[in-house]
K.L.:
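Next up is a structure, given as structure tokens.
In what follows, every chain begins at residue 1, and chains take the letters A, B, ... in the order their sequences are listed. The structure displayed is predicted, hence computed values, not measured ones.
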Protein chains: 4
Amino acid sequence: MNERRRGAVRSEAAHRSILEATAALFAEKGYDHLTIEGIAARAHVGKQTIYRWWPSKAEVVAECLLEGVLLPYQFMPPTGAPVRDDMVDWLRGLNAFVTGEQHAELFRSLVAAAMDNADVGRMLRAKLGDESVMVQRLQAAVDAGQVRSDAPLQEVSEAFAGMLALRVLSRAPAEPDAAERMVDAVLGPYLT
Amino acid sequence: MNERRRGAVRSEAAHRSILEATAALFAEKGYDHLTIEGIAARAHVGKQTIYRWWPSKAEVVAECLLEGVLLPYQFMPPTGAPVRDDMVDWLRGLNAFVTGEQHAELFRSLVAAAMDNADVGRMLRAKLGDESVMVQRLQAAVDAGQVRSDAPLQEVSEAFAGMLALRVLSRAPAEPDAAERMVDAVLGPYLT
Amino acid sequence: MNERRRGAVRSEAAHRSILEATAALFAEKGYDHLTIEGIAARAHVGKQTIYRWWPSKAEVVAECLLEGVLLPYQFMPPTGAPVRDDMVDWLRGLNAFVTGEQHAELFRSLVAAAMDNADVGRMLRAKLGDESVMVQRLQAAVDAGQVRSDAPLQEVSEAFAGMLALRVLSRAPAEPDAAERMVDAVLGPYLT
Amino acid sequence: MNERRRGAVRSEAAHRSILEATAALFAEKGYDHLTIEGIAARAHVGKQTIYRWWPSKAEVVAECLLEGVLLPYQFMPPTGAPVRDDMVDWLRGLNAFVTGEQHAELFRSLVAAAMDNADVGRMLRAKLGDESVMVQRLQAAVDAGQVRSDAPLQEVSEAFAGMLALRVLSRAPAEPDAAERMVDAVLGPYLT
DNA sequence: GAGTAATCGAGACGGTACGTCTAGTCTTTTG
DNA sequence: CAAAAGACTAGACGTACCGTCTCGATTACTC
């Protein structure tokens, strides 16, 4: 019945150490200059221990993202204020975060990693709040009578997410009023 | 005598040869697995001849883009039909192109290259039609009375461009009606 | 009274299996490419079971030699014929064995192992008949009046052994009459 | 007619540096613990520069031997005294050199290398004076009337060389009178 | 029996070195 | 005299083994 495993068991210490080293080096040097040898050295781990569990550096990065070691923030849309203000707040925060001095390079590296590996892309979208989260917030607004019930929530969400994507891609500087203009232009017509 | 002229001619041949080799190898292996050595070998050129003219492989790729060797298409929005239909056509075409079997991997590589090098990003945006081109088309629609004069053209354009960006990033499959839904949702409210 | 040990006892099956796997792999790949991991895998044995009982692969090889798993032959000088003919026979046989197609590579590996580990060297010499065995045969010839009693038996033996050693070391091909020439040159002057 | 090569030419500095580093490390750690990486590091040379010119570390060692970087001594038999004394001197010197504290380990490593690679074996024999050198010295003795003209010079030489080989192989300590006993036993009967 | 050691196969661990590949620079020869 | 050919130092790649260290199971002696 129970397939007994034999031999020593995976070392959780090594596992953690690898993820932490990866996160640190990713932040320091970016995805391109991240190396398996560097991770192994920083984590005080044999290279084989990395290759035993992950097929490529992209997968290690994906797991870092999943575990929140790389990007500990989880962006959920706020819900207290009227939907228009909540969306502006949220988009403004994300936009500032994603394009700000601190993190712009990190995100460019993450996008490069995502282009290399679909898992990284998936994790990254989940972290940044995919459209389903946005749609839920908008649906709540519909239920509260703040948004017309015939509003195309899916498309509105996609427009907002796309705006963020575009700004990462095009190295656009963070403009404080971009979020406001975007929300008014796209969501505005559907507010009651 | 004219021996010297021939030397200059040969140099231009090398230049072209490098761009063509780069384009061919880019298409074959993608940006990550593109190497200077590979380009030099394929172009029958010394590595130094590449390093003499470009500081990095990203710059070679950028010039390929500029010269149209990599991406010979130039996407301009059509102008014949009502603006709503023109935009749908245009977005649909671009979306299919960018996410289709043939080119999806190429675009992912281009995005990776753009993350590595701002020039590549600039070229890529220019090739795919940046917002200013879209804004011009929309302005024409305003002038023609098809779109309300208070419509936020900049933001509408950004929403459309963002949608495309998002689809490249997230490896979304090409949905034929996505363009239509997007145009109706974002531009719809501003049509007269 | 007797301090008996507790717990399981050394597995004879594992022991044998290791020696056999070692012999097989030694013959297949030679000493240099023999690995502890390879032996363990071939013997269906944990690596630790090898390290528990032997300090190095050289010691395992030495025991293989001792147990006759590696080299099942035991060369003793014949005694029937006149000493000159017996020595020729014996040297010829050994020389052919040691330098022949079949075994030359094996012996080179054994020499390499002997350079690595003195025990292997000891075993190897014992197997191939060290000088004391030769001296005994020659002493019998002295007693039988076939060899002068003032003959330097030790040095004559050493000369014969040295000839064999030299031929292994220098990859000399097996010459059928080498043994005869050697015996006549070195032992000849002392025959009665 | 002459196929001339293009491009840069082999760096003599790197070549020398590699041979010297190899000799130093060989002496320090022996053949087994000699590594290509170690040589490259010590010689301030890329590993590829070693692999470009030699297929294995054994070949590098062989060239070290050939170039006299590893073993700068060249043993030629002396010729001044009567042949018996010259041979004793020569054998004693070689035996002491080969089995002495200083060099025994080096020679064991060299033998191991020779078992690995035929070139090393050839070089080693040439360095230590192969039998042809000995035969020449003995022939001179024959011409001078010190040795009988029917003496089997080839076999006598082989006996002496074999004695040395055996002593390297068997880790025999250097006995000062071994050379004398050997010469008297093997060459003695042929002296006039 | 229950307890206690030592053994077993299996295999993960931190490491070292392998032999290959590419980067970016420097050098020689040739058209 | 520009540029092809290619050697140079440097360093990461992914693999193979090293010798050590768990694991859980098994075996054999002691109490």
K.L.:
Using whole Å, report how far CH2 of A/Trp54 lies from P of F/dC13.
P.N.:
15 Å
K.L.:
When you check the phosphate oxygens OP1 and OP2 of E/dC8, does a side-chain N or O of C/Trp53 lie under 4.0 Å from one of them?
P.N.:
yes
K.L.:
Taking atom CZ of C/Arg16 as the centre, does the number of heavy atoms from other residues, nucleotides or ligands within less than 6.0 Å exceed 12?
P.N.:
no
K.L.:
Report yes if the distance between the aromatic ring centroids of A/His15 and A/Trp53 is under 6.0 Å, otherwise no.
P.N.:
no
K.L.:
So how far is it from A/Leu70 CG to A/Thr22 OG1, rounded to the nearest 0.5 Å?
P.N.:
8.0 Å
K.L.:
Does B/Val45 or C/Tyr51 map to a spot on DNA chain F nearer the 5' end, using the closest nucleotide for each?
P.N.:
B/Val45
K.L.:
If only side-chain N and O atoms of C/Thr49 are considered, is one of them under 4.0 Å from the OP1 or OP2 phosphate oxygen of E/dG9?
P.N.:
yes
K.L.:
Roughly how far apart are A/Thr49 OG1 and A/Trp54 CH2, rounded to 0.5 Å?
P.N.:
9.0 Å
K.L.:
Nearest heavy atom decides the nucleotide; on that basis, is A/Thr35 or B/Gln48 closer to the 5' end of DNA chain F?
P.N.:
B/Gln48
K.L.:
Starting at CD1 of A/Ile50 and ending at C1' of F/dC13, how long is that distance when rounded to a whole Å?
P.N.:
13 Å
K.L.:
What bend angle does the helix from E/dG1-F/dC31 to E/dG31-F/dC1 show across its length, from five-pair end axes and to the nearest 10 degrees?
P.N.:
10°
K.L.:
Tell me, yes or no, whether the heavy-atom count around C/Glu12 atom CD, taken from other residues, nucleotides or ligands under 6.0 Å, exceeds 12.
P.N.:
yes
K.L.:
Ignoring backbone atoms, test whether C/Arg6 places a side-chain nitrogen or oxygen under 4.0 Å from the OP1 or OP2 oxygen of F/dC29.
P.N.:
no
K.L.:
How close or far is atom C1' of E/dC18 from atom CG of D/Asp32, stated in whole angstroms?
P.N.:
15 Å
K.L.:
With a 4.5 Å cut-off on side-chain heavy atoms, are D/Asp119 and D/Leu65 touching?
P.N.:
no
K.L.:
How many Å lie between CZ on A/Arg42 and C1' on E/dG14, as a whole number?
P.N.:
18 Å
K.L.:
Give a yes/no on whether any side-chain N or O of C/Arg10 is located under 4.0 angstrom from OP1 or OP2 of E/dA6.
P.N.:
no
K.L.:
Quick check on DNA chain E: between C/Gly46 and D/Gly7, whose nearest nucleotide comes earlier from the 5' end?
P.N.:
C/Gly46
K.L.:
To the nearest angstrom, how far is B/Glu37 atom CD from F/dC8 atom C1'?
P.N.:
12 Å
K.L.:
In whole angstrom, what separates C/His44's NE2 from E/dG11's C1'?
P.N.:
16 Å
K.L.:
So, D/Arg108 side chain and C/Ala114 main chain: donor-acceptor pair closer than 3.5 Å or not?
P.N.:
no
K.L.:
How many Å lie between CZ on D/Arg52 and P on E/dG19, as a whole number?
P.N.:
16 Å
K.L.:
Measure from NE2 on A/His33 to P on F/dC13 and round the result to the nearest Å.
P.N.:
12 Å
K.L.:
Quiz question: going by heavy-atom distance under 3.5 Å, is there a donor-acceptor pair between the base of F/dG14 and the side chain of A/Lys47?
P.N.:
yes
K.L.:
Nearest nucleotide by nearest heavy atom, which residue falls closer to the 5' end of DNA chain E, C/Ser11 or B/Gly38?
P.N.:
C/Ser11
